[in-house]
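To start, the structure under review is shown below, and the notes come after it.
Below, read A as the first sequence line, B as the second, and so on, with proteins coming before strands; counting in each chain starts at 1. Predicted, not measured: the structure shown is a model, and the values here were computed from it.
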Amino acid sequence: MRFSKLFIPTLKEIPADATVASHVLLLRAGFLRPLAAGIYSHLPLFRRVMLKIEAIVRAEMDRIGAQEFRLPALHPAEIWKETGRWDVMGETMFRLTDRGGRSMGLGMTHEEIFTSIARGELRSWRQLPQVWYQIQTKFRDEPRPKSGVLRVREFTMKDAYSFDLDQAGLDRSFEDQRRAYGAIFRRCGLSFVAVDAHSGAMGGSASTEFMVRTDAGEDDVAACGSCGYAANVERAESRGAAAAAEPDPAARVLKKFATPGVRTIDDLAAPPYGQPAARQLKTLVYVADGQPVVAVVRGDDELNEAKLQTAAGAQLLRPARPEEISVSLGAHPGSLGGLYDPRRAGAPRLLVDASLRGLSGMVTGANEDGFHYAGVDVARELAHGAFADLRRVRTGERCARCERGKLDLFKALEIGHIFKLGTRYSAAMGARVLDPEGREVPIVMGSYGIGVERIAAAAVELHHDEDGIVWPLSIAPYQVTVVALQQQDPAVARAAEQLYDGLSAAGVEVLLDDRDERAGVKLKDADLIGIPIRIAVGKKSLAEGKVEYKPRGEPAAERIAPEEVVRRVQRALAEVSFVDALGGRRE
RNA sequence: CGGGGCGUAGCGCAGCCUGGUAGCGCGCCUGCCUUGGGCGCAGGAAGUCGGAGGUUCAAAUCCUCUCGCCCCGACCA
């Protein structure tokens with residue numbers, strides 16, 4: 001294609017409200033334009049990148065026998081009510097009403113829709129397994145769209161669903177997807193980590209997230225440098241910090257004391273109280289599926305809400321409102337504690353962080369405003385509670401899975417997530433088949449998602465420099481750009497045209513910069529847009545019968561004969577095809 | 001949802017505090033010049049100052065409301 005005829009609106013200045021690299025560069029280089037908060041138009045260059053990524057996704061899905069569908073984005077409320085997710089999804093789901101007054105929602109994922117097809121058509125174990133997928137626009141009314149294309153309200157997702165007769169079949173389907181995901185991300189030029197993840201509102205048992213390490217990400221990952229254990233901090237486990245030293249026996253005597261005005265852990269740690277945070281019990285009240293739950297962690301630990309949700313077995317979890325806290329515990333935040341009579345009508349369930357097991361001499365609120373207890377023995381006073389892992393791990397803590405490893409925490413961007421759903425959706429929606437013994441059993445399902453725009457954005461986050469984007473060859477909008485440095489010079493223009501024709505004839509995706517612009521402008525744009533291979537044609541090198549070959553990421557150009565260009569380019573492309581054929585592995 | 005910031009020409013910004021003819025840079029158009037890293041010179045087009053209401057002789061500027069965008073937070077009791 002000729003640059004002079006394309007719509008590539010590059011920006012010299014940095015857009016004011018872009019903060020992360022991928023956002024800045026995709027706007028500046030003419031790939032994206034915003035329409036509203038978290039809603040972007042894909043310009044021609046971005047469209048090409050998206051199609052490249054989708055092609056890789058399709059190839060790898062097809063390779064494991066998955067079949068492509070195209071399902072509606074507009075869903076009747078009824079089908080979401082069948083699984084209860086019409087309510088669970090809350091405000092995150094875009095909702096509307098049709099002219100007949102029927103409630104509808106815009107699809108944020110497609111478990112219900114695929115399951116409805118499965119229940120209508122799948123009857124026998126002989127039809128299983130089935131693996132179905134689509135690449136569709138998803139809508140999510142995020143509370144806070146941000147970071148350009150990283151967290152948006154309308155985006156493209158590859159979502160796949162597996163339907164198996166039993167758990168063993170699901171295990172195989174899950175493994176197929178795990179391998180396919182690795183191949184997809186490697187082929188897209190992304191280094192990633194697969195981590196244990198929290199299943200959240202999707203439900204189900206095992207789940208693995210595919211994460212790209214970048215500060216632009218919104219998740220925190222804990223990884224062990226020794227054994228390879230990696231988990232989203234939402235569910236990462238550690239051996240924790242060492243338990244606080246055993247206090248003297250006198251401190252085991254329960255004693256109530258006045259703490260007027262004390263509101264926080266810090267207040268109590270400061271004079272005149274001087275109770276170190278590590279000796280305090282932090283008490284938090286939540287509402288889990290409508291029921292109050294009290295969670296207790298050590299004063300210097302943070303509660304991990306995802307872990308609490310899991311421990312409480314809740315679909316929906318939120319912090320309790322102030323008035324709910326007063327009703328549950330009889331006091332206001334600042335004086336809350338786990339010491340209450342569990343037999344009292346309406347007494348909330350108590351969950352205690354497992355790291356507190358056996359500790360005594362602790363300090364906690366007395367559930368009476370302005371009073372705390374000292375000398376709290378967890379085994380004695382919190383006996384009515386259940387222990388569970390509730391605390392957020394911290395960097396440097398010992399790995400829970402191996403002997404000498406330490407956990408490293410870092411920011412990461414989620415680009416894919418695979419779940420073992422089990423029978424949650426099939427049971428709720430009546431998707432059953434007859435097994436070989438003639439019994440009717442619910443289909444065992446898995447669900448597997450990839451964020452397509454996020455792959456593109458992650459590639460930019462990982463591969464850019466101060467001049468612009470450095471696209472991986474596999475997903476670049478064009479593979480090669482031929483830049484005519486002096487378009488007015490007939491010899492230069494002719495040489496550039498010949499290279500363009502030669503490369504095009506060889507099947508290379510090439511962008512010819514034939515604009516009547518100064519060399520500086522063209523070279524700046526070429527760097528900004530990030531085409532992997534640049535062939536510069538100019539008077540100087542042409543005088544020696546040469547043109548300049550320069551991979552985008554390399555510092556220097558190489559002068560080669562024009563006749564060499566096609567061969568050089570093909571050699572670079574062949575390397576990528578070779579790697580692609582191996583599922584992204586360089587072997 | 002809580003907090004903060006910002007809406008002035010296509011883009012980036014100044015002007016607002018202290019009311020009085022709407023400005024700068026980039027981009028765009030024309031001409032000359034230049035031609036290997038976002039040239040130079042000259043001329044030009046382009047803005048209901050996000051919207052509504054109010055105060056005032058007079059509002060981009062002050063007041064009220066509203067819409068939009070960005071950032072931080074949304075366990076830390």
Side-chain angles (χ1 to χ4, degrees), chain A residues 9-20 23-24 27-28 30 33-39 90-91 142-148 151 218 233-234 259 262-269 277 280-286 293-309 317-322 324-326 328-329 331-338 353 364-367 369 372 390-392 466-468 483-489 492 513 515-528 534 536-543 547-548 550 557 559:
Chain A
T10 59
L11 262 23
K12 197 188 281 191
E13 295 186 83
I14 299 175
D17 43 21
T19 50
V20 301
H23 191 196
V24 170
L27 289 174
R28 277 195 63 206
R33 283 297 180 265
L35 179 64
I39 305 178
E91 293 183 317
E142 294 286 345
R144 181 147 93 89
K146 58 186 279 199
S147 305
R151 178 164 294 277
E218 301 183 294
V233 164
E234 288 182 339
T259 52
V262 166
R263 308 281 308 168
T264 66
I265 298 285
D266 287 345
D267 291 347
L268 206 52
Q280 297 185 43
L281 297 178
K282 186 186 290 186
T283 306
L284 305 112
V285 184
Y286 277 79
V293 174
V294 171
V296 176
V297 297
R298 220 171 67 184
D300 58 340
D301 275 337
E302 288 180 23
L303 174 72
N304 182 326
E305 285 192 7
K307 287 183 176 178
L308 177 59
Q309 184 187 0
L317 183 81
R318 62 170 173 83
R321 288 187 283 267
E324 292 170 322
I325 294 175
S326 306
S328 293
L329 292 179
H332 293 93
S335 300
L336 303 178
D353 184 62
T364 194
N367 290 330
D369 287 342
H372 279 73
L390 299 178
R391 65 185 291 279
R392 189 181 200 275
E466 60 284 353
D467 293 318
V483 181
L485 293 174
Q486 299 88 16
Q487 185 66 31
Q488 337 68 17
D489 184 317
V492 169
D513 194 344
R515 292 176 298 168
D516 188 14
E517 288 284 355
R518 298 171 62 83
V521 172
K522 293 188 176 190
L523 294 171
K524 285 287 186 190
D525 272 346
D527 286 347
L528 181 59
R534 185 186 84 192
V537 183
K539 287 194 291 208
K540 288 184 186 168
S541 48
L542 217 49
V547 296
E548 290 164 32
K550 180 178 173 299
R559 293 198 168 184

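Pair check for B/G68 finds B/C6; Watson-Crick or G-U wobble, both atom distances under 3.5 Å.
The gap from the C1' atom of B/C72 to that of B/G54 amounts to 34 Å, rounded to the nearest Å. Here the separation of B/C65 from B/G20, taken at their C1' atoms, is 27 Å to the nearest Å. Taking atom P in both B/G36 and B/G23, one finds a spacing of 38 Å when rounded to whole Å. Between B/G25 and B/A52, the distance separating the two P atoms is 30 Å to the nearest Å. Comparing the C1' positions of B/A42 and B/A60 gives an interatomic distance of 32 Å, to the nearest angstrom. When the C1' atom is used for both B/C71 and B/C76, the distance is 22 Å, rounded to whole Å. For the P atom pair drawn from B/G31 and B/C16, the interatomic distance equals 40 Å after rounding to whole Å. Here the separation of B/G43 from B/C69, taken at their P atoms, is 41 Å to the nearest Å.
A salt bridge is absent between A/Glu218 and A/Arg144; no separation between the charged side-chain nitrogens and carboxylate oxygens falls under 4.0 Å. Under a 4.0 Å N-O distance rule, the pair A/Lys307/A/Asp353 does not qualify as a salt bridge.
A donor-acceptor pair under 3.5 Å is formed between the side chain of A/Lys522 and the backbone N or O of A/Asp513.
Between A/Ala320 and A/Arg28, the one whose closest nucleotide on RNA chain B sits nearer the 5' end is A/Arg28. Toward the 5′ end of RNA chain B lies the nearest nucleotide of A/Lys522, the other residue of the pair A/Lys522 and A/Ala37 mapping further downstream.
Contact annotation: A/Thr19 side-chain N/O to B/C71 OP1/OP2 distance is under 4.0 Å. Phosphate proximity of B/A74 to A/Arg318: absent, as no side-chain N or O sits under 4.0 Å from OP1 or OP2.
A/Leu528 pairs with exactly one of A/Asp467, A/Thr10, A/Leu523 by the side chain to side chain contact (heavy atoms under 4.5 Å, CB included) rule, that one being A/Thr10.
When heavy atoms are screened at a 4.0 angstrom cut-off, A/Ser326 is found touching no nucleic acid atom at all. At the heavy-atom level, A/Val297 lies nowhere under 4.0 Å from the strands shown.
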N/O-N/O pairs, protein side and nucleotides 10-12 of chain B side, under 3.5 Å:
residue	atom	partner	partner atom	Å
B/C11	O2	A/Glu13	OE2	3.2

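Crowding of A/Glu91 atom CD: a count of heavy atoms from other residues, nucleotides or ligands under 6.0 Å not exceeding 12. More than 12 heavy-atom neighbours from other residues, nucleotides or ligands sit within 6.0 angstrom of CD1 on A/Ile39.
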- request: Sugar-phosphate means primed atoms, P, OP1 and OP2; the rest is base. With that split, encode nucleotides 27-37 of chain B 5' to 3' as B, S or - using protein heavy atoms under 4.0 Å.
  value: S------BBBB
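Judged by distance alone with a 3.5 Å cut-off, no donor-acceptor contact links the side chain of A/Arg321 to the base of B/G2.
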